[in-house]
There are 2 protein chains.
Amino acid sequence: MPRNDRYRRAMTVADTAASGLHPEAYSAAQRRVLAAALDLFAEHGVSGTSLQMMADEIGVTKAAVYHQFRTKEQIVLAVAEVEMARLDVAVTEAEAAGRGAEAREVLLSRVISMAVERRRWVNALSGDPVMIRLLGTHQPFLDLMDRLYSVLLGDEAGTTAVVQIAIVSAAIGGAVVHPLLAGLDDETLEAELLQITRRLFDLPT
Amino acid sequence: MPRNDRYRRAMTVADTAASGLHPEAYSAAQRRVLAAALDLFAEHGVSGTSLQMMADEIGVTKAAVYHQFRTKEQIVLAVAEVEMARLDVAVTEAEAAGRGAEAREVLLSRVISMAVERRRWVNALSGDPVMIRLLGTHQPFLDLMDRLYSVLLGDEAGTTAVVQIAIVSAAIGGAVVHPLLAGLDDETLEAELLQITRRLFDLPT
DNA sequence: GTCTATATCGAGATAGAC
DNA sequence: GTCTATCTCGATATAGAC
């Protein structure tokens, strides 16, 4: 990443404002980089992951990685967009199911399924400070989250309803990475999460 | 941090095995370093925070920071231990309330109160990969978490009960840092969290 | 698509004066 | 307790050959 007056520049999407929700089809070499990057981000964090680590993981040199992506920031952005595209599919599918409880039901099951399936990477994608800053300034992502929350909220309004969906989101994202549940198989975890989140929504407010 | 054969060495507690749950009283200069470090960890992650950033934040030079702590790892460890000591007080207090529902009730309210109060730093303390690795090899921390989970579990056993407390933990930790709730005042957030977590425990399994 | 080689900078860390 | 000065290394990044 380029430099700042004092430290290295904070990551922004300024250089890549054109990138939206439709990441072009990456080459095989690019996909290898992105897969290695995601694994390493999960283990060491974005800042703790160097281009050298990615190169070693793939079994090539740093220069080969730089041939696929011009900067580290481009890699982070590409990783984020690939995951966003997955989430977009789920939200779009839920929206197609209408505006009420059915839509919410569809979204919940799709999101839980995705979160469980990709639990090794959830923390890197949603908890890493570099990723948070990047996505927080990335309008397509903000729009996607708005849509997601709209489906979850349905017709509800008010603080309690917002707290409720925030808690459900947090519970899903946090449970799949929770050390207590690290040994639990995906199917059981998914079933339990589905059950408990459904009951959270059925609770009287 | 010292180096590895290939990259810089992963953080361990090997050098400081003697440090436990009773951090010595830090000097005023040391506390300034720890406060700055915690803020910066929350904003940039542990790996993304340099000694230079800490020095700038405090208004001294790097060498002055190195006079207070011999390595960056010592700073991370000290930050973690100060927070652990806070949590330890809450767990100890809950344990004093017995072994049943009352103990759980005390612990829940204390933990929620702590999490809300310190929500700016929760992600850095529980989600940062460096912190996770450090604490995961730190026996006093593992013991503390065992005690915490024991109080939450009470007499319950079985997968569903474990999932339940994992979800409650995740919900608390995740809700306080959730962007949707960033604008919510501490008192409201605390009350809502208390209510919803209590209901989660009252649900029939 | 991958390599070797290199440039530049900031990181962690230390020595020694005040 | 803080400073200036310095060391070494790994980080991002580029040039140019194969």
Side-chain angles (χ1 to χ4, degrees), chain A residues 1-12 14-16 25-37 40-41 43-79 129-130 134, chain B residues 1-12 14-16 24-37 40-41 43-79 130 134:
Chain A
M1 309 176 205
R3 37 200 63 79
N4 200 337
D5 286 337
R6 312 210 305 174
Y7 318 116
R8 285 178 184 270
R9 200 186 74 195
M11 249 183 210
T12 68
D15 308 319
T16 52
Y26 293 106
S27 70
Q30 284 177 320
R31 284 195 300 270
R32 280 193 293 274
V33 171
L34 296 181
L40 288 163
F41 290 168
E43 193 173 349
H44 303 285
V46 175
S47 288
T49 298
S50 67
L51 275 283
Q52 185 63 64
M53 290 176 179
M54 297 182 201
D56 289 352
E57 184 95 346
I58 306 168
V60 296
T61 62
K62 262 192 305 181
V65 176
Y66 272 106
H67 180 73
Q68 305 303 330
F69 295 94
R70 284 182 53 229
T71 64
K72 181 180 177 182
E73 178 169 350
Q74 297 293 320
I75 296 175
V76 177
L77 192 59
V79 164
V130 175
L134 185 70
Chain B
M1 311 175 201
R3 38 200 63 80
N4 199 338
D5 287 334
R6 310 210 305 176
Y7 317 116
R8 286 180 183 268
R9 201 185 73 194
M11 251 183 206
T12 69
D15 308 319
T16 51
E24 62 274 37
Y26 292 106
S27 71
Q30 284 177 319
R31 284 194 301 268
R32 279 193 294 273
V33 171
L34 296 180
L40 289 164
F41 291 167
E43 193 172 350
H44 303 284
V46 175
S47 289
T49 299
S50 68
L51 274 285
Q52 185 64 61
M53 290 176 180
M54 298 182 201
D56 289 352
E57 184 95 347
I58 306 168
V60 298
T61 62
K62 259 195 304 182
V65 175
Y66 272 106
H67 181 73
Q68 305 303 330
F69 295 93
R70 285 181 53 229
T71 65
K72 182 180 177 183
E73 178 169 350
Q74 297 293 320
I75 296 175
V76 178
L77 192 59
V79 165
V130 175
L134 186 71

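The figures here come from the full heavy-atom set of this structure, side chains too, leaving out hydrogens, waters and symmetry mates.
- In this structure, B/His67 atom NE2 and D/dT2 atom P are separated by 8 Å, rounded to whole Å.
- Closest to the B/Ser27 side chain, of the nucleotides D/dG1, D/dA13, C/dT2, is D/dG1.
- The nearest whole Å value for the distance from the CG atom in A/Leu51 to the P atom in D/dC9 is 21 Å.
- When rounded to the nearest whole Å, the span between CZ of B/Arg70 and P of C/dG12 equals 16 Å.
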Would B/Ile75 and B/Met54 count as a side-chain contact (heavy atoms from CB on, under 4.5 Å) here? Give the steps. CA-CA 11 Å; B/Ile75 296 175; B/Met54 298 182 201; 3.8 Å; yes

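- For B/Gln30 and D/dG1, the shortest distance from a side-chain N or O to OP1 or OP2 is not below 4.0 Å.
- Nucleotide D/dA11 holds its C1' atom 13 Å from the CG atom of A/Asp56, rounded to whole Å.
- To the nearest angstrom, P of D/dT2 lies 16 Å from OH of B/Tyr66.
- For B/Ser50 and C/dG10, the shortest distance from a side-chain N or O to OP1 or OP2 is not below 4.0 Å.
- Nearest approach of B/Tyr66 to B/Leu51, heavy atoms of both residues: OH-CG, 3.7 Å.
- When the side-chain nitrogen and oxygen atoms of A/Thr61 are compared with OP1 and OP2 of C/dC3, one or more of them lie within a distance under 4.0 Å.
- Of the possible polar contacts, one joining the A/Lys72 side chain to the A/Val46 backbone as a donor-acceptor pair under 3.5 Å is found.
- Across all strands, A/Ala63 comes closer than 4.0 Å to base atoms (heavy-atom distances).
- The distance between atom NZ of B/Lys72 and atom P of C/dT14, rounded to the nearest whole Å, is 15 Å.
- Minimum interatomic distance between B/Gly48 and B/Met53 (heavy atoms only, all atoms of both residues): O-CE, 3.3 Å.
- What separates CE of A/Met53 from P of D/dA11 is a distance of 6 Å, to the nearest Å.
- A/Lys62 has its NZ atom 13 Å from the P atom of C/dC3, to the nearest Å.
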